Number of protein chains: 2
Amino acid sequence: MDNTIHLNHLRSELKKFVSFSDAEWEIFKQYLEFRHYDKKDFFAVPGEVCDHMGFILCGAMRYFHVREGIEITGYFSFENELVSAYKSFLTRKPNTNYIQAIEKTTLILISKKNFELMENNPAIAFKIEQFGRRIAEYYICCYEDRVASFIIQSPEERYLDMQKNAGEIFLRIPQHYVANFLGITPVSLSRIRKRTLKVHA
Amino acid sequence: MDNTIHLNHLRSELKKFVSFSDAEWEIFKQYLEFRHYDKKDFFAVPGEVCDHMGFILCGAMRYFHVREGIEITGYFSFENELVSAYKSFLTRKPNTNYIQAIEKTTLILISKKNFELMENNPAIAFKIEQFGRRIAEYYICCYEDRVASFIIQSPEERYLDMQKNAGEIFLRIPQHYVANFLGITPVSLSRIRKRTLKVHA
DNA sequence: TTAAAACGTTAACAAAAGATAAGGTTTTGA
DNA sequence: TCAAAACCTTATCTTTTGTTAACGTTTTAA
């Protein structure tokens, strides 16, 4: 199977982090693997170390904790985004949540082992450090905004912002997952929707 | 003034991110500057790009947003920790919150300009990439936990956890700042304290 | 030293959210 | 295709939080 088109797509998308030279890319792509997930397949589970970082070619992933038997969704990743239990991937400690495909999903994976091999390969080590740094810095910026939203906004304000800035999510994600993402219960989100609908009608 | 002892302390503390060789350290330390902040002095303000990252030798810093004239505290940094409006520092876009000394505070600063000079100095560029990467990765791990606390815990649970794991903070930080940090109002925290005190009495 | 500001608690009331359950619709999967 | 599961809404009741204000104490700064 020829995955050239997908690899080229990945290379292009990764430019927002770092640009690989042709020589670097030839090395880099040898460390990649493709993997398909059916809906409900798990990318990561609690208690196991997350060994991979993935790039989503198509599909979507849901991150959730289980607390007293109840699933609580904390995050989503969609196509052209990365997916990983980052803390576990970095620290090599057991992960604490599930990451599950919520659609048929195809990933391009890099294993921790391959990451480390590249970090020790002088031909590409520097670029890999840059790559790892930019990814981490990118996510820090996202986290800064997300934490601020919990500190300075009410659930209703978070919902309205999300509707404005990421409205497409509601077309793909069950609403009770979104509720958890906003830090509230599904019942509460349903009420907020009813409340705020009237304002714009 | 001889700051050798403080620089050696910094070098030692930074080992949790990266170890500098003697040669690298000689270069690195030339790009550092010391700065003192009186209580209530600002390290960063909204609308300005944050040009520095700081290491706290002594003292403490508070991060807060102003919303409708009200200050809302989102974070603190203490001695031996870093301080920065990270997103602004990284993206060179205007910062959106205040960072203020809440005690007399001494920082060792690296400017963005000096950071970039080192990134372009072959003698130390690789180490700087590693350094930047490890810092970012460290903060991602912190953020992962912090976001999870908003998703899966109630304010009361967040308070009890904080009391257990970071009790000393309450000795240095006014309680209404802590309340904001937990995502609630000062009045609500006062009630939670009253509620939970009885359980342990 | 002393007046002003900051701080924590409490009260009273309103608003929002959580918990539970029921009902109807849609989706899923055998 | 059809029964089961998943999903969203609504209702009821309880709990928690927000808002505002008052009060007493502590800290700050002139």
Side-chain angles (χ1 to χ4, degrees), chain A residues 38-41 60 62 64-73 76 98 100-104 149-160 162-163 169-199 201, chain B residues 37-41 60 62 64-73 76 98 100-104 149-160 162-163 167 169-199 201:
Chain A
D38 280 330
K39 186 171 179 173
K40 296 194 180 172
D41 282 352
R62 173 174 77 107
F64 66 94
H65 291 258
V66 173
R67 216 174 126 83
E68 292 160 22
I70 310 286
E71 296 182 2
I72 302 180
T73 299
F76 311 98
Y98 293 91
Q100 185 185 47
I102 48 177
E103 305 171 357
K104 275 176 172 280
S149 81
F150 285 113
I151 294 294
I152 66 184
Q153 292 186 301
S154 67
E156 182 171 319
E157 289 170 321
R158 287 200 292 279
Y159 165 71
L160 291 172
M162 185 176 182
Q163 204 182 36
I169 287 181
F170 293 99
L171 303 175
R172 291 172 66 174
I173 304 287
Q175 189 174 303
H176 63 294
Y177 293 164
V178 174
N180 293 160
F181 176 83
L182 295 171
I184 56 178
T185 61
V187 175
S188 191
L189 178 54
S190 187
R191 282 188 293 229
I192 287 173
R193 282 163 54 81
K194 190 178 182 186
R195 232 155 55 200
T196 57
L197 216 63
K198 290 177 181 158
V199 177
Chain B
Y37 295 79
D38 281 328
K39 186 170 179 174
K40 296 194 178 173
D41 282 352
R62 173 174 76 106
F64 66 94
H65 291 257
V66 172
R67 217 174 123 85
E68 292 160 23
I70 310 286
E71 297 182 1
I72 303 180
T73 298
F76 311 99
Y98 293 90
Q100 185 185 46
I102 50 178
E103 304 172 359
K104 273 177 173 279
S149 80
F150 286 113
I151 294 294
I152 66 184
Q153 292 186 302
S154 67
E156 182 172 320
E157 288 170 321
R158 287 200 292 278
Y159 166 71
L160 292 172
M162 185 177 182
Q163 204 182 37
I169 286 181
F170 293 98
L171 303 175
R172 291 173 67 175
I173 305 286
Q175 187 175 303
H176 63 292
Y177 293 165
V178 174
N180 293 161
F181 176 82
L182 294 170
I184 57 180
T185 62
V187 175
S188 191
L189 177 55
S190 186
R191 283 187 293 229
I192 288 174
R193 282 164 54 82
K194 190 177 181 186
R195 231 154 57 198
T196 58
L197 216 63
K198 290 179 180 156
V199 178

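So you know, we letter chains A, B, ... as the sequences are listed, proteins then strands, and number each from 1. Please read these numbers as outputs of a predicted model, since none were measured by experiment.
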Atom-pair distance (OH on Tyr159(A); P on dA17(C)), nearest Å: 13 Å

Candidate list Asp41(A), Thr73(A), Ile173(A), test side-chain contact (heavy atoms from CB on, under 4.5 Å), partner Ile102(A), passing option: Ile173(A)

Distance, rounded to the nearest Å, where Leu189(B) contributes CG and dT19(D) contributes C1': 16 Å

Length of the CD1-P vector between Ile151(B) and dG18(C), whole Å: 11 Å

Gap between atoms CD1 and P, on Ile173(B) and dT27(D) respectively (whole Å): 15 Å

His176(A) side-chain proximity, nearest of dC7(D), dA17(C), dT9(C): dC7(D)

pair Phe150(A)-Arg158(A): side-chain heavy atoms closer than 4.5 Å: yes

Any Gln175(A) side-chain nitrogen or oxygen under 4.0 Å from OP1 or OP2 of dT9(D): yes

dG8(C) OP1/OP2 closer than 4.0 Å to side-chain N/O of Ser190(B): no

Along DNA chain C (nearest heavy atom to each residue), the more 5'-positioned of Lys39(A) and Ile184(A): Ile184(A)

Qualifying residue, where the test is side-chain contact (heavy atoms from CB on, under 4.5 Å) with Tyr159(B) and the options are Met162(B), Glu157(B), Gln163(B): Gln163(B)

Nucleotide dA6(C), atom C1' - distance to CD1 of Ile102(B) in whole Å: 14 Å

Nearest-Å distance for atom pair CZ/P, residues Phe150(B) and dT17(D): 13 Å

Pairwise 5' ranking along DNA chain C for Ile192(A) and Val187(B), keeping only the more 5' one: Val187(B)

Phe181(B) and Phe76(B) aromatic ring geometry - parallel, tilted or perpendicular at 30°/60° bounds: tilted

Nucleotide of dA17(C), dG29(C), dT10(D) approaching Lys40(A) most closely (side-chain heavy atoms): dG29(C)

Sugar-phosphate only, base, or nothing, as touched by Ser188(A) at under 4.0 Å among non-hydrogen atoms: sugar-phosphate

Distance-only donor-acceptor test (3.5 Å): side chain Arg191(B), base dG8(C): no

Sugar-phosphate only, base, or nothing, as touched by Pro155(B) at under 4.0 Å among non-hydrogen atoms: sugar-phosphate

Per Arg193(B) side chain, nearest of listed nucleotides dT17(D), dT9(D), dT9(C): dT9(C)

Sidechain-backbone polar pair: Arg67(B) side chain, Ile152(A) backbone, donor-acceptor under 3.5 Å: yes

Whole-Å distance separating the CZ atom of Arg195(B) from the C1' atom of dA11(C): 16 Å

Asn180(B) CG - dT19(D) P separation (whole Å): 11 Å

Phosphate OP1/OP2 of dG18(C): any Thr185(A) side-chain N/O under 4.0 Å: yes

